[in-house]
Amino acid sequence: MGHYKSNLRDIEFNLFEVLGRDKQYGAGPFAEMDVDTAKSILDEVARLAENELAESYADADRNPPVFDPETNTAPVPDTFKKSYQAFMESEYWRLGLPEEIGGTTAPRSLIWAYAELLLGANPAIWMYSSGPAFAGILFEEGTEEQKKIAEIAVEKQWGSTMVLTEPDAGSDVGAGRTKAVQQDDGSWHIEGVKRFITSGEHDMSDNIIHYVLARPEGAGPGTKGLSLFMVPKFEFDWTTGELGERNGVYATNVEHKMGLKASNTCEMTFGDRHPAKGWLIGDKHEGIRQMFRIIEFARMMVGTKAIAALSTGYLNALEYAKERVQGPDLAQFMDKTAPKVTITHHPDVRRSLMTQKAYAEGMRTLVLYTASVQDAIQEKEAAGEDAKALHGLNDLLLPIVKGYGSEKSYEQLAQSLQTFGGSGYLQEYPVEQYIRDAKIDTLYEGTTAIQGQDFFFRKIVRDQGAALNTLSEEIKKFLAAGTGGEELSGARDQLSKAAVDLEAIVGAMITDLTSTGEDVKNIYKVGLNTTRLLLASGDVVVAYLLLKGAAVAAEKLPTASAKDVAFYQGKIAAAKFFAANVLPGVSAQRALAETVDTSLMDLDEAAF
């Protein structure tokens with residue numbers, strides 16, 4: 001057994017008791033994936049995650065890949081290779097790939113459920129194994145010839161990268177200067193330097209396909225001028241996949257990071273030594289749209305990774321707290337002869353543990369709820385029906401999964417470590433590595449600030465509030481039904497008030513945005529509130545989902561088996577605790593949002 005502690009019971013509770021996936025699995029586009037098959041997959045992935053996948057987690061952190069500038073390579077440790085190979089041999093990565101390239105049709109909710117198990121055990125494995133998933137997008141976006149390449153890439157398990165960021169541009173992707181020069185043979189020569197490229201170099205696959213955003217010569221500025229190119233590490237025969245000459249793309253550095261060290265984060269240089277040949281994907285200059293298919297998948301992954309880390313962090317802390325004996329029960333503080341108790345008896349430890357539990361389980365439901373929306377999109381599109389409204393809801397939820405999920409997971413992992421006391425600061429327990437590995441989640445695929453801006457400007461304003469209204473109406477319908485009975489009435493009232501406060505925050509921001517016509521500086525008020533809005537939205541949505549699960553638990557508790565009684569009691573307790581202790585903060589955020597001014601923006605920068 002490794003460090004990882006899964007929570008398969010809660011995953012299945014969400015899928016089959018709360019979100020109704022038992023009615024979707026085995027029907028429609030998921031006819032080949034019934035509930036029993038899905039449960040057997042999750043059971044096996046959990047076993048794999050807790051053992052073979054988790055085994056190399058600490059060793060790869062202590063003995064990470066080392067970049068060799070002479071050969072431009074960065075081999076991964078043998079222990080990690082063993083874990084990676086165990087996952088690839090399991091072939092669960094085929095779930096969700098197009099059948100034409102060797103995949104198996106599967107609900108997104110199942111894919112993200114198993115992803116939690118993998119990402120919690122050893123997240124770098126997921127990142128290195130992204131080749132087939134990216135090949136799936138190449139198959140759907142590419143030319144007929146490129147579809148064959150996608151098939152080859154899956155068959156040979158080639159690696160892949162998404163190549164956006166440049167040293168000077170950072171998150172401003174449209175400022176990228178990497179250029180593409182068209183050649184007489186139909187290929188393009190890619191020239192430039194990219195930074196922070198995950199899995200840019202390693203020795204676990206024969207070839208790596210780089211998906212590169214570059215600007216064709218003569219193309220306009222900004223993101224609209226970018227195109228997406230397929231740039232392989234080695235050139236290859238497009239029919240057989242036989243490798244040829246080394247292409248002119250090289251890792252020229254591997255970053256030294258605070259965490260997630262097993263995952264090579266590379267500086268990639270294109271065309272410096274000899275031409276880096278690339279091919280325009282789909283023969284269409286639609287780079288940012290095509291790349292966003294990868295980016296959105298990656299953002300879902302980031303949120304899931306963060307939440308998975310919190311779940312195992314909490315479960316490790318809980319196990320320790322149940323065993324750690326320290327001090328007498330507080331109610332016996334006057335009795336000098338009182339026996340020592342485990343720290344789970346101390347009020348503040350209980351408060352901390354329940355906070356961790358509520359966030360971990362609530363955000364798990366957030367991921368699986370979002371994935372169930374993706375299931376519904378698959379179902380509608382398979383039936384030839386319009387899925388525009390569902391796409392809007394999915395788009396609205398993604399910044400919450402990524403931005404809120406990563407922020408709250410990192411915040412609560414600090415509480416997981418705190419539960420251990422001084423021992424948590426030591427490497428003999430995994431939580432210190434969890435924290436280091438999880439910090440990146442608030443930063444890549446768009447920082448939290450970028451997620452907040454995207455959430456407000458693109459997912460609410462551009463959508464004219466349609467998706468937000470859909471979600472709001474769903475919450476109101478739940479509240480109106482009084483689901484969960486009298487026991488949850490107080491929590492429902494708290495959710496109702498928080499939902500009103502959240503609507504007021506949005507209203508204040510819309511007012512400030514509208515008033516920019518009178519004073520353009522009012523846009524600063526909006527900018528000062530975007531992260532606040534994102535996090536408050538996460539609190540409300542998670543509270544709703546916790547209460548939805550608690551209502552199911554309350555209904556099932558009277559007839560529950562002995563082994564499920566405590567589980568259902570915990571669901572009810574977590575929902576009530578979150579409503580009572582987290583939701584009141586939304587009122588405070590409303591007060592701040594409604595009184596924000598531009599004085600901070602007027603301050604001379606020398607005063608900071």
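When reading the values below, keep in mind they use all heavy atoms of this one structure, side chains included, and skip hydrogens, waters and symmetry mates.
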Trp188/Phe229 aromatic ring centres below 6.0 Å = yes
ask   = What is the minimum heavy-atom distance between Leu260 and Ala124, and which atoms define it?
value = CD1-N, 4.4 Å
key: Thr442 and Glu407: side chain donor to acceptor below 3.5 Å   = no
task = If the plane angle is over 60° it's perpendicular, under 30° parallel, otherwise tilted; pick one for Phe297 and Trp112.
result = tilted
query = For the residue pair Phe234 and Trp158, is the inter-centroid distance of their aromatic rings smaller than 6.0 Å?
reply = no
ask   = In terms of ring plane angle, is the pair Tyr404 and Tyr359 parallel, tilted or perpendicular, where the classes change at 30° and 60°?
value = tilted
ask   = Are Glu166 and Thr178 linked by a side-chain donor-acceptor pair shorter than 3.5 Å?
value = yes
ask   = For Ser311 and Arg364, does a side-chain donor sit closer than 3.5 Å to a side-chain acceptor?
value = yes
ask   = Between Ser406 and Ala306, what is the shortest heavy-atom contact and its length?
value = CA-CB, 3.7 Å
request  = Could you grab the distance from atom NZ of Lys233 to atom CZ of Arg246, nearest 0.5 Å is fine?
outcome  = 5.5 Å
key: Asn394 versus Gln374, side-chain donor and acceptor atoms under 3.5 Å   = yes
ask   = Do the side-chain N and O atoms of Asn14 and Thr365 include a donor-acceptor pair separated by under 3.5 angstrom?
value = yes
query = Can you check whether Val367 reaches Glu116 side chain to side chain, under 4.5 Å on heavy atoms?
reply = no
query = Is it true that the NZ or CZ of Arg462 lies under 6.0 Å from the centre of Phe457's six-membered ring and within 45 degrees of the ring axis?
reply = no
inquiry  = Quick one, His274 and Tyr250 - any side-chain contact, counting heavy atoms below 4.5 Å?
reply    = yes
query = Can you tell me how far the CG atom of Leu228 sits from the CD1 atom of Ile281, to the nearest 0.5 Å?
reply = 3.5 Å
ask   = Do the ring planes of Tyr114 and Tyr92 sit parallel (below 30°), tilted (30 to 60°) or perpendicular (above 60°)?
value = tilted
ask   = Side chains of Thr265 and Thr198: donor-acceptor distance under 3.5 Å anywhere?
value = no
query = Taking atom types as modelled, is there a side-chain donor on Arg273 or Asn72 under 3.5 Å from an acceptor on the other?
reply = yes
query = Are side-chain N/O atoms of Asp283 and Thr143 paired as donor and acceptor at under 3.5 Å?
reply = no
ask   = Using a distance-only test with no angle check, is there a side-chain donor-acceptor pair under 3.5 angstrom linking Glu503 and Ser472?
value = yes
Non-hydrogen atoms of Pro65 and Lys261 that approach each other most closely = CD-O, 3.4 Å
ask   = Under 3.5 Å, is there a donor-acceptor pair between the Thr71 and Asp68 side chains?
value = yes
remark   = So CE of Met33 and CG of Leu95: to nearest 0.5 Å the spacing works out to 5.0 Å
